[in-house]
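Taking it in order: structure first as structure tokens, then the write-up.
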Amino acid sequence: MNVDAEEAYHFGRSVDWKIHLYFEHNPIMELPFSQTKGSFLIKLPERMRPGTYWLTTRILLQIIFPLVLLVLLSTWIYRHIITPLQQLEQATTAFSQGNFDVRVRASLGNRNDELSHLASTFDQMAARIGELIAKQRQLISDLSHELRTPLTRLDIAVNNFEIEKSHQHLERISRESTYIRKLVEDTLTLAWLDNEKPIIQHEKVDLVDLLDVVIDDAKFEFSDRELILETPNHAVISNSSHQALCPALENIIRNALRYTPIGKKVTVTLSQQVGSYCIEVIDQGPGIAPEYLEKIFLPFFRVNNTNEDGSNSFGLGLALAKRLLNSVRADVKALNNENGGLKVVIMIPIT
């Protein structure tokens, strides 16, 4: 036994006691003999002292490991947020360059958060703007095509103007100018209705009185066709507009008369249904192929069927009528009549 052990014998520790790191030196362990009152004292070697790698472990647990975890978490959060934003930026750039079919929401998978909602909103905006731009381009193209014919006739009338036939030429010039002006005005109105989609509701309308006025004008214009009107005594609707209903009904009835042969008839029927009034305009024209029934309400839609003057374009009449009816919450559809001809059904809500 060394001197240190002999002098510090009373500091001997049981082997069951725990060894703490705050000891300056390794403690002396005491193993009592079972046969005598003596004990065996042993000082643990330095290699058995706990906490040899404590500083390294402390740095690893308190600094390095949290730092690595923070870097990984930050990287995941960054990619989780920045990736959809980058996709939105790329989609916006592509959209601004004319790619109106670009969409973002599908590329974000199943995530359901603010960024996915933003992507859905972007897709809705892109679809709406793309649809409007496509419609405007088509409308301008169709309008340009439709204007060529009256402008050509106007040029011919001006170039061939003769004093002795001045009255005839002036009538021709006036007629073509009126047609061009109306075509441009209808196009501007249609573009406004398509873009703004207004709901016009500010007055009561008696459909019977309105149809009487429209029918009288139509009979004067198409005196060689028979026009039959069947209505109740009154049919008053509220929250509607004369300015929207009158030109819409006028365009639909005029279109029916236009495609009805001379001597044939057009029937206009007004009846009340649950919550709405139904107006049916039935002509005796050639009818339309089933696949074109919905398309006749598109601007300047053309079909193979032709009327007497060889025209096969519906122009803006039905397209404008549909938009005007939609502005008073009314709906319109076209059907082929069982006995031939076309039947246009208009549903107008009572309130």
Original post:
Which pair of non-hydrogen atoms, one from Lys265 and one from Gln284, has the smallest distance, and what is that distance?
Top reply: N-OE1, 3.1 Å

Subject >> Over 12 non-hydrogen atoms of neighbours within 6.0 angstrom of CD in Glu291 >> reply: yes

Subject >> ILVMFWY cluster, Val266 and Phe222 together (side-chain gap under 4.5 Å) >> reply: yes

Subject >> In one Ile/Leu/Val/Met/Phe/Trp/Tyr side-chain cluster, 4.5 Å: Leu270, Ile228 >> reply: no

**OP:** Sort out for me which residue in Val236, Ile237, Leu211 forms a side-chain contact (heavy atoms from CB on, under 4.5 Å) with Asp206.
**Re:** Val236

**OP:** Taking all non-hydrogen atoms of both residues into account, name the closest pair between Ser276 and Pro349 and its distance.
**Re:** CB-CA, 3.9 Å

Original post:
Which heavy-atom pair separates Pro247 from Leu324 by the least distance, and what is that distance?
Top reply: CG-CD1, 3.7 Å

Original post:
Is there a path of hydrophobic side-chain contacts, each under 4.5 Å between heavy atoms of I, L, V, M, F, W or Y residues, that connects Ile252 with Leu227?
Top reply: yes

Subject >> Full working for side chain to side chain contact (heavy atoms under 4.5 Å, CB included) between Asn233 and Val208 >> reply: CA-CA 7 Å; Asn233 293 328; Val208 176; over 6 Å; no

**OP:** Could you grab the distance from atom OG of Ser238 to atom NZ of Lys204, nearest 0.5 Å is fine?
**Re:** 6.5 Å

Original post:
Passes side chain to side chain contact (heavy atoms under 4.5 Å, CB included), Ser240 versus Glu203? Steps please.
Top reply: CA-CA 5 Å; Ser240 191; Glu203 60 183 347; 5.7 Å; no

Original post:
How many angstroms lie between atom CZ of Arg128 and atom CD of Gln124, to the nearest 0.5 angstrom?
Top reply: 12.0 Å

Original post:
Are any of the side-chain heavy atoms of Asp331 and Ile346 separated by less than 4.5 Å?
Top reply: no

Original post:
Closest heavy-atom contact between Ala126 and Val102?
Top reply: CB-O, 4.1 Å

**OP:** Please name the pair of heavy atoms, one in Ala334 and one in Ile296, separated by the smallest distance, quoted to 0.1 Å.
**Re:** CB-CD1, 3.6 Å

**OP:** Answer yes or no: does atom CZ of Arg58 have more than 12 heavy-atom neighbours from other residues, nucleotides or ligands under 6.0 Å?
**Re:** no

Subject >> Side chain proximity check, Ile279 to Val345, heavy atoms < 4.5 angstrom >> reply: no

Original post:
Would you call Glu226 and Lys264 a salt bridge, using N to O less than 4.0 angstrom?
Top reply: no

**OP:** Give the intermediate values and the outcome of side chain to side chain contact (heavy atoms under 4.5 Å, CB included) for residues Asn255 and Tyr259.
**Re:** CA-CA 6 Å; Asn255 181 80; Tyr259 285 93; 3.4 Å; yes

Subject >> From CZ (Arg323) to CZ (Phe297), nearest 0.5 Å >> reply: 10.0 Å

Original post:
Hey, any chance Leu70 and Leu60 share a hydrophobic cluster, counting ILVMFWY side chains that come within less than 4.5 Å of each other, even indirectly?
Top reply: no

Original post:
Do Asn112 and His117 meet the criterion of a side-chain donor-acceptor pair at a distance under 3.5 Å?
Top reply: yes

Subject >> Main-chain N/O of Lys343 paired to Asn336 side chain as donor or acceptor, under 3.5 Å >> reply: no

Original post:
Looking at side-chain heavy atoms only, is the closest gap between Asp283 and Leu257 below 4.5 Å?
Top reply: no

**OP:** Return yes if some donor-acceptor pair links the side-chain N/O of Arg225 with the main-chain N/O of Ala218 below 3.5 Å, else return no.
**Re:** no

Original post:
Looking at side-chain heavy atoms only, is the closest gap between Val213 and Asp209 below 4.5 Å?
Top reply: no

Original post:
Out of curiosity, does Leu72 fall in the hydrophobic cluster containing Ile81 (side-chain heavy atoms, cut-off under 4.5 Å, transitive links)?
Top reply: no

Original post:
Can you find a heavy atom in the side chain of Lys333 that is under 4.5 Å from one in the side chain of Met347?
Top reply: no

Original post:
Taking all non-hydrogen atoms of both residues, which atom of Arg103 and which atom of Asp123 are closest, and how far apart?
Top reply: CA-OD1, 3.4 Å

Original post:
Measuring from Ile350:CD1 to Gln273:CD, what's the distance to the nearest 0.5 Å?
Top reply: 9.5 Å

**OP:** Quickly, which of Ile282, Val281, Leu293 forms a side-chain contact (heavy atoms from CB on, under 4.5 Å) with Leu342? Name it, please.
**Re:** Leu293

**OP:** Check whether any side-chain heavy atom of Gln87 sits under 4.5 Å from a side-chain heavy atom of Thr92, and report yes or no.
**Re:** no

Original post:
Does atom CD of Glu221 have more than 12 heavy-atom neighbours from other groups under 6.0 Å away?
Top reply: yes

Subject >> Within-4.5 Å side-chain heavy-atom neighbours: Val104 and Ser107 >> reply: yes

**OP:** Find the distance between OG1 (Thr121) and CD (Glu114) and round it off to the nearest 0.5 Å.
**Re:** 11.5 Å

Original post:
Donor-acceptor pair, Ser74 side chain versus Val71 backbone, under 3.5 Å?
Top reply: no

Original post:
Should Leu210 and Cys246 be marked as a side chain to side chain contact (heavy atoms under 4.5 Å, CB included) after you check the CA-CA gap, both sets of side-chain angles, and the distance that decides it?
Top reply: CA-CA 7 Å; Leu210 185 63; Cys246 185; 3.7 Å; yes

**OP:** Compare all side-chain heavy atoms of Leu245 with those of Leu325 and state whether any distance is below 4.5 angstrom.
**Re:** yes

Original post:
Is there a donor-acceptor pair under 3.5 Å between the side chain of Asn326 and the backbone N or O of Ala330?
Top reply: yes

Original post:
What distance separates Glu280 CD from Thr267 OG1, expressed to the nearest 0.5 Å?
Top reply: 10.0 Å

